[in-house]
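The sequence lines fix the lettering, A, B, ..., with proteins before strands; numbering per chain opens at 1.
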Amino acid sequence: MFNPPNASRFFQLVWAIVDEIPPGRVSSYGQIASMIPPSEDWDAASMKRLAARWVGTALRKTPRDLPIPWHRVINSQGKISFPAGGAQAQRQRQLLESEGVQFDRRGKVDFSMVGWTGPAETFLARNGLLPPRLLR
DNA sequence: CGTTTGACTACGC
DNA sequence: CGCGTAGCCAAAC
C-alpha cells in the first residue's frame, strides 16, 4: 500500500534518484520505482504495476526550484509520456536531443543505447572513468 | 463528499 | 507495431 502521510518521503526518493541520471541517458518510471526499496509505507507487491504511476506523480509535483533532470525519465516503451506534439512533449524532447539523445522515426529512444544502467555508471562518469557517451 | 484524472505498465488482440 | 484495458489509488476538482 501507499501511505499518504509518507508520500512526500517517497517523492523525495524519486527526486534523489532522478538527480543521479547523467546527461545523455534516460530511465523509465518503472525503473526508478524499482530502485526504491519496499517499506511499511509501500511494498513492491501491491504497487507492482502502479508504482510507476506514482513516480510520474512525484515528478509532476517536483518543486519549481528543485533542479533535477526530470526530462531524462520516459516511459517503458522508450517514448515521452506527454501527449505527442504538445508543448511539454516538445520541450522534453528538445532537452534530450540537446544532450545527444536520439529519437527514431516514431519518437522512440533506444534504451540499449542510452538507457541509464544505474548508480555505478553515474559514479564512473562523474570520476572521469567512463566517457559519458561511449558506454556500449 | 462523489467524480474525474493522471509525466505508467503488462498483456491481449 | 498500434490500440484498448485492467490495475484499483491519491489528488485535484
Side-chain angles (χ1 to χ4, degrees):
Chain A
M1 284 299 284
F2 193 77
N3 201 345
N6 295 300
S8 61
R9 192 159 85 77
F10 179 88
F11 291 166
Q12 284 176 26
L13 284 173
V14 170
W15 299 328
I17 292 171
V18 171
D19 195 43
E20 293 300 305
I21 308 174
R25 298 268 151 184
V26 299
S27 187
S28 72
Y29 301 92
Q31 254 182 84
I32 302 293
S34 69
M35 290 179 203
I36 295 179
S39 76
E40 56 181 72
D41 301 320
W42 54 82
D43 67 278
S46 67
M47 289 181 68
K48 201 174 181 181
R49 286 147 72 192
L50 241 41
R53 212 160 184 162
W54 283 111
V55 171
T57 299
L59 288 182
R60 190 181 60 204
K61 296 191 66 172
T62 302
R64 270 304 205 189
D65 58 349
L66 191 62
I68 60 173
W70 58 271
H71 59 284
R72 308 214 259 248
V73 184
I74 56 184
N75 63 37
S76 65
Q77 301 170 66
K79 299 198 290 190
I80 285 174
S81 275
F82 286 114
Q88 305 180 97
Q90 274 188 58
R91 176 165 161 59
Q92 182 169 13
R93 176 163 176 157
Q94 190 195 319
L95 286 170
L96 287 173
E97 290 184 319
S98 72
E99 299 182 343
V101 176
Q102 296 188 17
F103 290 75
D104 69 9
R105 192 173 303 163
R106 301 171 188 286
K108 207 161 152 186
V109 167
D110 185 353
F111 275 113
S112 71
M113 292 301 287
V114 296
W116 181 44
T117 58
E121 180 191 341
T122 299
F123 175 81
L124 293 174
R126 267 188 193 156
N127 294 28
L129 299 172
L130 194 66
R133 314 207 57 246
L134 294 183
L135 185 74
R136 295 191 191 181

- Query: With distance as the sole test, does A:Q31 use its side chain to make a donor-acceptor pair with the main-chain N or O of A:S27 at under 3.5 Å?
  - Reply: no

- Could you give the CG-to-C1' distance, from A:L59 to B:dA7, as a whole number of Å? 7 Å

Listed pairs, N/O of protein and of nucleotides 3-6 of chain B, under 3.5 Å:
unit_1	atom_1	unit_2	atom_2	d
B:dG6	O3'	A:R60	NH1	2.9
B:dG6	N7	A:R53	NH2	3.2

- Message: In the structure I gave you, are the side-chain heavy atoms of A:I74 and A:K79 within less than 4.5 Å of one another anywhere?
- Response: no

- Considering residues at least two apart in sequence or located in another chain, which fulfil the side chain to side chain donor-acceptor pair (under 3.5 Å) criterion with A:S81? A:N75

- Note on the structure: In whole angstroms, the gap separating P of B:dA7 from CH2 of A:W70 amounts to 12 Å

- Query: With distance as the sole criterion, is a donor-acceptor pair present between the side chains of A:Q94 and A:H71 under 3.5 Å?
  - Reply: no

- Sequence neighbours left out, what passes side chain to side chain donor-acceptor pair (under 3.5 Å) with A:Q88? Give chain and number order. none

- Separation between the C1' atoms of C:dA10 and B:dA10, rounded to whole Å: 22 Å

List, with names and distances, any nitrogen or oxygen atoms from the protein found under 3.5 Å away from nitrogen or oxygen atoms belonging to nucleotides 2-4 of chain C.
unit_1	atom_1	unit_2	atom_2	d
C:dG2	OP1	A:R106	NH1	2.8

- Query: Excluding sequence neighbours, so at least two apart, what forms side chain to side chain donor-acceptor pair (under 3.5 Å) with A:S34?
  - Reply: none

- Using atom CD of A:Q92 as one end and atom C1' of B:dA7 as the other, report the distance to the nearest whole Å. 7 Å

- Task: Using whole Å, report how far CD1 of A:I21 lies from C1' of B:dA7.
- Result: 13 Å

- Item | With sequence neighbours excluded, residues passing salt bridge (Lys or Arg N to Asp or Glu O under 4.0 Å) with A:R126 | A:E20

- Task: Tell me whether the OP1 or OP2 atom of B:dC8 has a side-chain N or O from A:S28 closer than 4.0 Å.
- Result: no

- Task: In whole angstrom, give the distance that lies between atom CD1 of A:I74 and atom P of B:dC8.
- Result: 12 Å

- Cation-pi between A:R93 and A:F103: NZ/CZ under 6.0 Å from ring centre and within 45° of the ring axis? yes

